[in-house]
Protein chains: 2
Amino acid sequence: MPKRVDHAERRTEIAEALIRVAGRRGLHAVGMRDVAAEAGVSLRLVQYYFQTKEKLLLFGLEQLAERFGERVSARVRAAGDQPGPRAMVEALLMAALPTDDESRTFHHLYTSYAVLAVHDQALAAQPFIKNPDAAEDALTELLRQAQEATLLEPGVDARLEAVGLLAMSAGLGTSILVGQRSPESAVTVLDHHLNRIFRTGDEAG
Amino acid sequence: MPKRVDHAERRTEIAEALIRVAGRRGLHAVGMRDVAAEAGVSLRLVQYYFQTKEKLLLFGLEQLAERFGERVSARVRAAGDQPGPRAMVEALLMAALPTDDESRTFHHLYTSYAVLAVHDQALAAQPFIKNPDAAEDALTELLRQAQEATLLEPGVDARLEAVGLLAMSAGLGTSILVGQRSPESAVTVLDHHLNRIFRTGDEAG
DNA sequence: AACATCGTGGTACGTTCGTATCACAAACCC
DNA sequence: GGGTTTGTGATACGAACGTACCACGATGTT
């Protein structure tokens with residue numbers, strides 16, 4: 001049976017199985033055997049492509065961050081057609097909210113990894129810590145552009161505002177995740193804050 | 001040896017041992033034996049006072065939430081002496097940031113529980129989900145009072161603002177926890193946002 | 001054709017975990 | 001003061017976990 005096989009592809013498949021099963025049952029509850037079953041391969045294979053569970057988790061995290069980064073930037077690009085930069089800002093912030101299954105899983109697992117990273121140096125050094133920095137830079141740049149087009153209220157510090165908005169979005173995301181808040185109310189909150197930053201361009205005076 | 005013993009007190013001691021060891025090594029890594037060792041009792045005793053690990057975790061969470069709620073409200077009360085309501089708002093938001101060991105542990109464990117609660121109904125029904133609601137109400141009330149005293153900028157919705165600020169504080173807290181951001185920069189961000197809500201009362205024009 | 005390597009399966013090993021069981025001494029009750 | 005309850009110790013048990021080991025067929029190389 002053993003034809004030559006693309007290792008990278010195989011690893012990706014297994015990592016996606018990890019993400020699926022971890023999304024269903026929680027990262028803490030997932031074992032190598034679960035991942036193997038979910039991926040439809042034997043336990044031995046998971047061991048073969050990842051030697052250790054830690055490496056599997058690390059790679060799964062990379063996969064997760066990559067997939068979600070693509071999702072967010074795709075949404076932002078899609079919003080780029082619309083009139084103002086506010087649409088892109090909204091797209092960036094809203095895309096990070098856990099509104100559907102995929103983003104719920106992302107939020108959930110990202111938070112799980114963050115918790116593990118508190119005491120795991122290997123995880124703490126992982127680029128998923130750097131990804132928020134990228135989002136921060138992107139949002140800051142968007143706000144700066146809006147500022148130059150005099151679309152923002154005076155007195156707004158683009159970087160501080162970007163950091164705050166991202167933190168707010170993340171915090172709201174957690175609230176949604178645990179069922180404390182509905183996605184709709186989170187959107188309302190974010191919108192209100194954007195309204196206080198952007199000069200009123202909505203039809204509602 | 002067995003004198004009659006105060007069960008509630010014993011349970012509290014053991015739960016605090018749980019919090020300590022979970023704070024050191026992560027909630028996912030703590031077992032009954034670890035808790036027993038930390039509390040200086042035998043494994044059997046932990047079993048005796050809590051029948052199951054789940055009950056121990058639940059009680060530990062209650063303990064954690066209670067202890068932290070007291071801490072925050074104490075800080076808010078202490079800030080009540082100062083001139084404006086802004087001081088109390090700041091106290092409320094800053095007290096939730098993981099700046100020292102105690103608040104770091106709280107943030108870390110609270111997030112751990114939140115992650116577990118995503119797939120654990122017993123945890124999801126726990127009052128630690130309701131505690132943020134209390135904070136939200138308190139902060140909303142503080143902002144309303146400030147609003148009546150015309151201390152706020154016009155166009156501010158007290159409730160939406162409260163929700164947003166708490167989410168922002170929580171999000172910033174996570175950033176601090178994973179080492180992405182310093183406590184000082186988080187304070188700066190929060191202050192900037194408060195400056196945009198409160199009419200300028202600082203000496204810096 | 002011979003041989004080395006790769007992909008794969010099955011399974012065993014040692015550990016750790018949560019829980020259950022057995023035993024017993026001190027304290028309380030009447 | 002006999003008997004029940006209560007607090008405590010030690011230890012056993014079954015399951016699950018990550019990992020290691022053994023075997024073997026298919027593939028590629030020379």
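Nothing here was measured: the structure is a model prediction, and the numbers come from that model. Sequence lines set the chain letters: A, B, ... in the order given, protein chains first and strands last, and positions in each chain run from 1. Hydrogens, waters and symmetry mates are skipped; everything else that's a heavy atom, side chains included, is used.
The shortest distance between the side-chain N/O atoms of A:T52 and the OP1/OP2 oxygens of D:dT19 is below 4.0 Å. Note on A:H7: every side-chain N or O is 4.0 Å or more away from OP1 and OP2 of C:dC6.
Ring orientation note: the planes of A:F59 and A:F50 are tilted relative to one another, at an angle of 30° to 60°. Ring geometry for A:Y49 versus A:H7: interplanar angle over 60°, hence perpendicular rather than tilted (30 to 60°).
B:K55 places its NZ atom 16 Å from the P atom of C:dG18, with the value rounded to the nearest Å. Computed from coordinates, the B:L43 CG to C:dG18 P distance equals 9 Å when rounded to whole Å. Rounded to whole angstrom, the span from the CZ atom of B:R11 across to the C1' atom of D:dT6 amounts to 16 Å. Nucleotide C:dC17 holds its P atom 14 Å from the CG atom of B:L57, rounded to whole Å. With rounding to whole Å, A:F50 atom CZ is found 19 Å from D:dC17 atom P. When the P atom of C:dC17 is taken as reference, atom NE2 of A:H28 falls 16 Å away, rounded to whole Å. One interatomic measurement links the two molecules: CE of B:M32 to P of D:dC13, which rounds to 21 Å at whole-angstrom precision. A straight line from CG of B:L56 to P of C:dC17 spans 14 Å, rounded to a whole angstrom.
Within the 4.5 Å cutoff, the side chain of A:D6 has no heavy atoms near those of the A:R10 side chain. Looking at heavy atoms from C-beta onward, B:F68 lies in side-chain contact with B:S103 at the 4.5 angstrom threshold.
Using a 4.0 Å heavy-atom cutoff across all strands shown, A:Y49 reaches sugar-phosphate atoms only and no base atom.
The side chain of B:Y48 approaches D:dT8 more closely than any other nucleotide in the set D:dT8, C:dT19, D:dG18. Side-chain atoms of B:S42 lie closest to D:dG9 of the nucleotides C:dC17, D:dC17, D:dG9. Listed nucleotides D:dT19, C:dT8, C:dT19 differ in distance to B:Q47; the shortest reach to its side chain belongs to C:dT19. Side-chain atoms of A:R33 lie closest to D:dG18 of the nucleotides D:dG18, C:dG7, D:dG9. Comparing atom distances between the B:R10 side chain and each of C:dT19, D:dC17, D:dG7 picks out D:dG7 as nearest.
In this structure, A:H193 has its ring center no closer than 6.0 Å to that of B:H193.
Contact annotation: side chain of B:R44 to base of C:dT19, donor-acceptor pair absent below 3.5 Å.
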